[in-house]
Amino acid sequence: QVQLAESGGGSVQSGGSLRLSCAASGDTYVNLCMGWFRQAPGKEREGLASIDSDGSQTYADSVKGRFTISQDNAKHILYLEMTNLKPEDTAMYYCAADLKLFRCSTATIRPDFGYWGQGTQVTVSS
């Protein structure tokens, strides 16, 4: 079992930046595929970025060049650095983990990870 807890969300103006964190606990000694997702009201959950235990990263086209995923393996913390935020980035942001490492190898980051956090709200105003 893996428990995840996000933090760092908030309100920011267009063009601003935020850094989200996700603290992992439980069976963190195993290799995991970690990911960030978001869901806006009335929309499907969207995969944004993933990272595997070796640090290999995948990004959705919608955030490529603006968002950066990283992790501190010693502290078991996952990060999402978000820059040049836009009003359309407004959503609930979730971190997720899965034991199936192939989830970090797919071009599209699908929201079928096994473990999820509760989410943190990001609101970008114009």
Side-chain angles (χ1 to χ4, degrees):
Q1 293 289 325
V2 178
Q3 293 79 43
L4 302 169
E6 304 94 336
S7 61
S11 297
V12 64
Q13 290 192 326
S14 181
S17 301
L18 280 175
R19 187 176 78 160
L20 305 183
S21 300
C22 172
S25 59
D27 295 337
T28 55
Y29 57 88
V30 298
N31 290 333
L32 297 169
C33 172
M34 304 292 296
W36 283 101
F37 297 77
R38 68 185 178 191
Q39 189 166 20
K43 294 189 176 181
E44 293 185 352
R45 190 164 295 190
E46 175 189 15
L48 304 176
S50 68
I51 187 168
D52 66 16
S53 56
D54 293 328
S56 295
Q57 302 161 26
T58 301
Y59 293 94
D61 288 342
S62 58
V63 302
K64 197 173 294 182
R66 298 190 300 125
F67 292 9
T68 302
I69 190 171
S70 63
Q71 60 189 356
D72 184 327
N73 288 327
K75 297 181 179 179
H76 306 301
I77 300 177
L78 181 72
Y79 299 101
L80 185 69
E81 190 76 40
M82 305 185 294
T83 63
N84 191 21
L85 283 162
K86 307 173 183 180
E88 51 264 43
D89 293 318
T90 295
M92 185 71 77
Y93 283 68
Y94 300 89
C95 70
D98 203 280
L99 295 171
K100 297 180 177 67
L101 300 181
F102 77 86
R103 300 202 192 284
C104 275
S105 302
T106 58
T108 299
I109 306 163
R110 297 176 56 83
D112 47 6
F113 282 44
Y115 303 101
W116 292 86
Q118 294 298 307
T120 185
Q121 178 69 34
V122 172
T123 302
V124 184
S125 58
S126 57

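When a residue number appears, it is its place in the shown sequence, counting from 1.
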Review point. Is there a path of hydrophobic side-chain contacts, each under 4.5 Å between heavy atoms of I, L, V, M, F, W or Y residues, that connects Phe67 with Phe37?
Key: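 No.
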
Check your understanding: Does Ile109 share a hydrophobic cluster with Leu32, counting links as ILVMFWY side-chain heavy atoms below 4.5 Å and allowing steps through other members?
Key ->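 In one cluster: no.
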
From [X] atom [atom1] to [Y] atom [atom2], the distance as rounded to the nearest 0.5 Å:
X      : Y      : atom1 : atom2 : value
Leu99  : Tyr115 : CG    : OH    : 5.0 Å
Glu6   : Cys22  : CD    : SG    : 5.0 Å
Leu20  : Ile69  : CG    : CD1   : 10.5 Å
Phe113 : Tyr94  : CZ    : OH    : 15.5 Å
Met34  : Leu80  : CE    : CG    : 12.0 Å
Ser7   : Tyr93  : OG    : OH    : 15.0 Å

Review point. Salt bridge or not for Lys64 and Asp61, using N-O below 4.0 Å?
Key: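 Counted as a salt bridge, because a side-chain N and a carboxylate O are separated by less than 4.0 Å.
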
Closer than 3.5 angstrom, by distance alone: can the side chain of [X] be matched with the main-chain N or O of [Y] as a donor-acceptor pair?
X      : Y      : value
Thr58  : Ala107 : no
Asp98  : Gly114 : yes
Asp52  : Cys33  : no
Trp116 : Leu4   : no

Looking at every non-hydrogen atom in both residues, tell me the closest pair between [X] and [Y] and how far apart they are.
X     : Y     : value
Ser14 : Pro87 : OG-CD, 3.8 Å
Asn84 : Ser17 : N-OG, 4.3 Å
Leu85 : Met82 : CD2-CB, 3.8 Å
Ser70 : Leu78 : O-CD1, 3.4 Å
Ser21 : Ile77 : CB-CG2, 4.3 Å
Ser62 : Arg38 : OG-NH2, 3.9 Å

Practice item. List the steps and the verdict of side chain to side chain contact (heavy atoms under 4.5 Å, CB included) for Tyr79 and Asp72. Key: CA-CA 8 Å; Tyr79 299 101; Asp72 184 327; 4.1 Å; yes

Check your understanding: Can a donor-acceptor pair be found between the side chains of Gln57 and Tyr59 at a distance below 3.5 Å?
Key ->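 Indeed, the side chains of Gln57 and Tyr59 share at least one donor-acceptor pair under 3.5 Å.
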
Practice item. May I ask you to test the Trp36-Ile51 pair for a side-chain heavy-atom distance under 4.5 Å? Key: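 No, every pair of side-chain atoms sits at 4.5 Å or beyond.
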
Check your understanding: Taking only residues at least two apart or on different chains, which pairs with a member in residues 50-83 satisfy disulfide bond (SG atoms under 2.5 Å apart)?
Key ->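 As it turns out, there is no disulfide bond (SG atoms under 2.5 Å apart) pair with a partner in residues 50-83 once direct neighbours are skipped.
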
Point to revise | Pairs flagged by disulfide bond (SG atoms under 2.5 Å apart) wherever residues 34-82 is involved - sequence neighbours left out | key: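 Listed by first then second residue: nothing to list.
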
Exercise for review: Sequence neighbours left out, what pairs pass salt bridge (Lys or Arg N to Asp or Glu O under 4.0 Å) with at least one residue falling in residues 111-126?
Suggested key: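 Qualifying pairs, neighbours excluded: Arg103-Asp112, Arg110-Asp112.
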
